[in-house]
Amino acid sequence: MMPRFQRPTGTHDILPEEQPYWEYVTEFAVRLARRAGFERIDVPIFEATELFARGIGATTDVVEKEMYTFTDKGGESLTLRPEFTAGVVRAYIENGMHVRPQPVKLYSVGPVFRYDRPQAGRFRQFHQFNMEILGEMDPLADLEVMLLIWDLYAGLGFRDLSFQLNSTGCPRCRPGYVQVLKEYYEKHIGEICEDCRRRLARNPLRVLDCKADVCQPVIAAAPPITDHLCDECADHFARLRGYLDLLGRPYTLNHRLVRGLDYYTKTVFEVWAAGIGAQAAVCGGGRYDGLAEALGGPPTPGVGVAAGIERIIMVMKAQELEVPPLPAPAVFLAHLGDRARREAVRLADELRRAGVAVWTAFGDRGLKSQMREADKRGARYVVILGEDELARGAAAVRDMAASEQAEIPMEELVPWLRQRVGA
RNA sequence: GUGGGUGUGGCCUAAGGGUUAGGGCACCUGGUUGUGGCCCAGGAGAGUGUGGGUUCGAGUCCCACCAUCCACCCCA
């Protein structure tokens, strides 16, 4: 036997049965974004490797060990996007979008790729719904992104979410904080795990979200970054929190929240859900005021969020949230004999042009078999074309749910079905 | 990269080391002339993830690899 092909590790086939979730979630998210004035942008699935290395940060896990990087036939190093923001900001710069009315609000949906060990809620190819506001430093922009993502989950009916918020400062104040943190940790070097000793040298902020038991007391007593923000960052953060309080949106101030992408400045946030395993974050986002400049563009503040669609769907299933089924073909066309088959072909074409979803029987089978098929496909009406009906210039139409059948003159058939099916 | 669990038709699952791997769901056909769901009958579909080994004999035991799930790590 031929060796069977399998999907690559960490990828998934999204079968028809799953599509109601996907369609519902993405449509809901898109409607939400458009309502707030976001426009759609599609950026390439692969970009120059350097874009991600510079944008996300060369020492981040994403860049260091999670990228799908390859060399194309022209010898260029390309990488499957591990996230949207770098590509969207690149597109903003490259297409001169800074001359448009600012800010520019953009949303995207699509697959992203990270070479990671799969587990519950973690895949190598997964999908994100992404929103970015470029060219605006007002904390109201941060607020808008957060409110929209909040409304997304609320609108889908999510319960038991936890909104985690922090500020990571900016290049002016962060180095000072890192120094303070390092000094604090030096004093407790004997009380922390080995990983953290390494982190301290490479990416000190990461010690804050260490999960090792030994490190917990040290982290709990660590100086919070929010006590070491510069005036500008402190003001920004205070205003954002003020708006959130004003609107009564609950959030948890989490001074341990350190995101794995280096471009963040000031605001960072994540939303956590319960019941979907260890990978609880359903979205993550924040402000990245230095990114555009780091990518060679004009200084442009920005703030954005990315939500993982697979995880959203996992939450929906865990919380037993229903989604509407996708429509089945309304009409099944059964036919008996050659003449009827030819008439069926013509009729199916006419009905579809008129906007009626039609499934036609293939092959040359008995009516019983065709009826069985119509039932399994969930057709509301079965149009039966046979010699008798053709002779009378009519078709039998059976209402499957009501088990009632009527004969409809051929010339009235299309409008009759259109009206009933709502096409 | 590390650790643990699992691996029998499309899906779920049975088989105390011993006849041609059993069943359920789903699928197909039929139960008289052209009518679905329920029911009945029949049919097709796997040699048990892959490769080695132990044994007279392996789906059952051992080893390796692969896949998958879960966890670490990191995040969506």
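Below, all heavy atoms of this structure are taken into account, side chains as well, without hydrogens, waters or symmetry copies.
Taking atom P in both B/C61 and B/A46, the straight-line distance is 25 Å, to the nearest Å. Taking the P atoms as reference points, B/G5 lies 13 Å from B/A64, given to the whole Å. Rounded to a whole angstrom, the distance from the P atom of B/G4 to that of B/A21 is 35 Å.
Each of A/Q279 and A/R117 lies near RNA chain B, and the nucleotide nearest A/R117 is the one positioned closer to the 5' end.
Across the strands present, B/C11 finds its partner in B/G24; the criterion is a Watson-Crick or G-U wobble pair with both atom distances under 3.5 angstrom. Across the strands present, B/U68 finds its partner in B/G5; the criterion is a Watson-Crick or G-U wobble pair with both atom distances under 3.5 angstrom.
Partner of A/Y153 under the ring pair (Phe, Tyr, Trp, His ring centres under 6.0 Å) criterion, chosen from A/F129, A/W272, A/F163, A/F158: A/F158.
A/H127 and A/E310 form a side-chain donor-acceptor contact under 3.5 Å, judged by distance and modelled atom types alone.
Here B/A76 is the nucleotide among B/A67, B/C72, B/A76 with the atom lying nearest to any side-chain atom of A/C283. You'll find that the side chain of A/Q119 is closest to B/A71, out of B/A76, B/A71, B/C69.
Backbone-only contact: A/R259 has heavy atoms under 4.0 Å from sugar-phosphate atoms and none from a base. Residue contacts for A/A120: at a heavy-atom cut-off of 4.0 Å it reaches the sugar-phosphate backbone alone, with no base atom in range.
Using a cut-off of 4.0 Å between Lys/Arg side-chain N and Asp/Glu carboxylate O, A/E387 and A/R339 are scored as salt-bridged.
Side-chain atoms of A/P327 and A/R380, non-hydrogen and from C-beta on, never get closer than 4.5 Å to each other.
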Reading 5' to 3' through nucleotides 25-36 of chain B, protein heavy-atom contacts under 4.0 Å coded B for base, S for sugar-phosphate only, - for none: --SSSBB--BBB
